[in-house]
Student: 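Structure incoming, see below.
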Amino acid sequence: MSQQTKRVLVTGATGFTGGALAKKLIERGDKVVALVRKSANVKPLEALGAELVYGDITDADAVQRAAQGTQIIYHIAAVYRTAGHPDSYYEEVNIQGVQHVIDAARKHGVGRTVHCSTIGVHGDIEEIPSNEESPFNPGDIYQRTKLAGEQLFAEAMANGLPGAIFRPGAIYGPGDLRLLKMFKQVKRGFFPLFGGGKNLYHLSYIDDLTDGIILCGEHPNAIGERFILCSNEYDTLKALTATIARQLQVKEPTLSLPVAPLMVAAKMCEALCKPFGIDPPLHTRRVEFFVKSRAFDNSKARRLLGYEPKIGTDEGVKRTIAWYEENDLL
Ligand SMILES: NC(=O)c1ccc[n+]([C@@H]2O[C@H](COP(=O)([O-])OP(=O)(O)OC[C@H]3O[C@@H](n4cnc5c(N)ncnc54)[C@H](OP(=O)(O)O)[C@@H]3O)[C@@H](O)[C@H]2O)c1
């Protein structure tokens, strides 16, 4: 990996993954420009010395301003964690936002643009493990718009845009709040495994992932390619909760409940909340967590990029718990 200072744009740098990536890039000497919204907490980025450009990914001019003079763009921003939006908002951010990034990269002749997709574009996999060439099967508006954004980006690469696409698994590690609820419930001794927790779950540890993202931004072999950037191992959701319990030194979850009534409740919640723009307390993607299997082969990234995930699930869970405890979250 080259140690020359570069000026790079990171979108989504106020979020978990983009924030960790921006930090790593700055620490290794790169100059990071972050496209940020006025409503976001920019203190960590300011403290790191990132250059802030205020604007929204849905605003083509703002993206153009942010991309000016950069050599690499890491496009990480997406609407993801919140579920109370109309479908059109997912389209604006996860599809049109990608077009704005492509246009800005072309206009400013950016040397490399890296697009963040998700293994979720494959939906509930049939082939174990799946890989970059496995069929797409997105299951909800988030996954459908992420797939459409990825395809838009792939088309741009086919038409000469120097870039790469990566698909992470469930991203976790210090700084993540999405899996906190599961850790809390396991600690409290009440984490019902809807459907028995038999589905396969594939994680991406944040520090390994950001290494992989930078390889996508810098390795010559990455150009024009799509990569799965998951950990080396996957296991059932039940096994993951057992690992969390072991690291917390509590009893592992064993209560198994049927999933169908929960899915009905989630659909009702979504139908009631969405028209009012409220984030539903329970939504179908949360329930699918207990049902859909995700298990992938990361050997393409290992072979072409030298991607080398270092943190196994035991160690990753241990570090995540340590961060939750340090921050009084658990
Ligand atoms: N987390 C996972 O398990 C996972 C798994 C696979 C793929 N991914 C993908 O990984 C990426 C990062 O995920 P994450 O979990 O780190 O997300 P996150 O913590 O929710 O961060 C999302 C980032 O996107 C920004 N953003 C959202 N809408 C925007 C808009 N309209 N204009 C500008 N910025 C906007 C957010 O800014 P604000 O701070 O202003 O909200 C935030 O910085 C996403 O592309 C996601 O699809 C995530």
Side-chain angles (χ1 to χ4, degrees), residues 9-23 32-45 50 52-63 65-67 73-83 85 88-101 104 114-123 138 140-150 153 165-182 201-206 209-210 212-213 216 226-231 279 285-286 288-289 292 294 296 316 320:
L9 168 62
V10 180
T11 72
T14 51
F16 171 46
T17 310
L21 175 66
K23 184 168 185 283
V32 169
V33 180
L35 175 71
V36 296
R37 297 193 286 183
K38 287 231 164 75
S39 54
N41 173 16
V42 295
K43 283 201 181 108
L45 287 173
L52 306 183
V53 172
Y54 282 92
D56 199 291
I57 204 76
T58 58
D59 173 357
D61 291 339
V63 184
R65 269 188 284 117
I73 300 177
Y74 294 99
H75 177 43
I76 312 294
V79 51
Y80 172 53
R81 288 172 192 248
T82 46
H85 309 286
S88 57
Y89 184 66
Y90 283 90
E91 287 159 9
E92 277 171 46
V93 176
N94 295 351
I95 308 175
Q96 285 147 32
V98 177
Q99 187 63 54
H100 296 158
V101 171
V114 178
H115 174 67
C116 177
S117 182
T118 168
I119 56 168
V121 295
H122 296 284
D140 58 33
I141 184 66
Y142 163 71
Q143 292 170 355
R144 281 195 297 278
T145 54
K146 285 296 283 188
L147 176 58
E150 174 180 326
F153 195 86
I165 293 169
F166 67 94
R167 301 185 193 130
I171 311 168
Y172 80 116
D176 174 53
L177 298 175
R178 196 173 69 99
L179 296 185
L180 173 62
K181 198 169 172 188
M182 172 164 65
Y201 202 67
H202 207 155
L203 295 160
S204 293
Y205 184 72
I206 185 66
L209 176 64
T210 50
I213 299 174
C216 288
R226 312 184 195 208
F227 297 99
I228 298 286
L229 292 184
C230 285
S231 302
D279 201 23
R285 189 141 39 92
R286 221 162 260 172
E288 281 161 0
F289 172 85
K292 294 196 168 177
R294 305 183 192 307
F296 289 84
T320 306

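Remember, it's 1-based here, ligands and their atoms both numbered in the order they're listed. Because the structure is a prediction, the values reported are computed rather than measured. Atoms considered below: every heavy atom in the structure, side chains included; atoms not considered: hydrogens, waters and symmetry mates.
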Student: Can an N or O of Arg178 be found at a distance shorter than 3.5 Å from an N or O of ligand 1?
Tutor: yes
Student: What pair of heavy atoms forms the shortest contact from Ser204 to Gly169, and how long is it?
Tutor: OG-N, 2.8 Å
Student: Just wondering, do Thr118 and Arg167 contact through their side chains at under 4.5 Å, heavy atoms?
Tutor: no
Student: Between Tyr172, Tyr89, Tyr142, flag the one that comes closest to atom 8 (N) of ligand 1 by a heavy atom.
Tutor: Tyr142
Student: Just so I know, are the side chains of Leu209 and Leu21 near enough to count as touching, which here means a heavy-atom distance under 4.5 Å?
Tutor: no
Student: Under 4.0 Å, heavy-atom basis, I'd like to know which part of Val93 is in contact with ligand 1: side chain, backbone, both or neither.
Tutor: side chain
Student: Do ligand 1 and Phe16 have nitrogen or oxygen atoms that lie under 3.5 Å from each other?
Tutor: yes
Student: Ligand 1 and Pro168, any nitrogen or oxygen pair closer than 3.5 angstrom?
Tutor: no
Student: Between Thr118 and ligand 1, is there a nitrogen or oxygen pair with a distance under 3.5 Å?
Tutor: no
Student: So do Phe289 and Met182 actually touch side chain to side chain, heavy atoms under 4.5 Å?
Tutor: yes
Student: Considering Ser117, Gly149, Ala77 one by one, which has a heavy atom nearer to atom 34 (N) of ligand 1 than any of the others?
Tutor: Ala77
Student: Could you tell me how the ring of Tyr142 sits relative to the ring of Tyr80: parallel (under 30°), tilted (30 to 60°) or perpendicular (over 60°)?
Tutor: tilted
Student: So, do Val101 and His75 sit near enough that their side-chain heavy atoms are less than 4.5 Å apart?
Tutor: yes
Student: Would you mind telling me if ligand 1 is within reach of the side chain of Glu92, the backbone, both or neither, using heavy atoms under 4.0 Å?
Tutor: neither
Student: Using distance alone, determine whether Gly55 and ligand 1 share an N or O pair under 3.5 Å.
Tutor: no
Student: Decide whether an N or O pair under 3.5 Å exists between Val79 and ligand 1.
Tutor: no
Student: With nothing but distance in play, are any N or O atoms of Gly12 less than 3.5 Å from an N or O of ligand 1?
Tutor: yes
Student: For Cys230 versus Ile119, what's the shortest heavy-atom pair and its separation?
Tutor: SG-CG2, 3.9 Å
Student: Less than 4.5 Å apart, any side-chain heavy atom of Phe166 and any of Val114?
Tutor: yes
Student: Any N or O of Leu35 that comes nearer than 3.5 Å to an N or O of ligand 1?
Tutor: no
Student: Taking the minimum heavy-atom distance to atom 22 (C) of ligand 1, which of Gly19, Ala170, Ala78, Cys230 ranks first?
Tutor: Ala78
Student: Quick one: does Gly120 get within less than 4.0 Å of ligand 1, heavy atoms only?
Tutor: no
Student: Considering distance alone, does some N or O of Arg37 sit under 3.5 Å from an N or O of ligand 1?
Tutor: yes
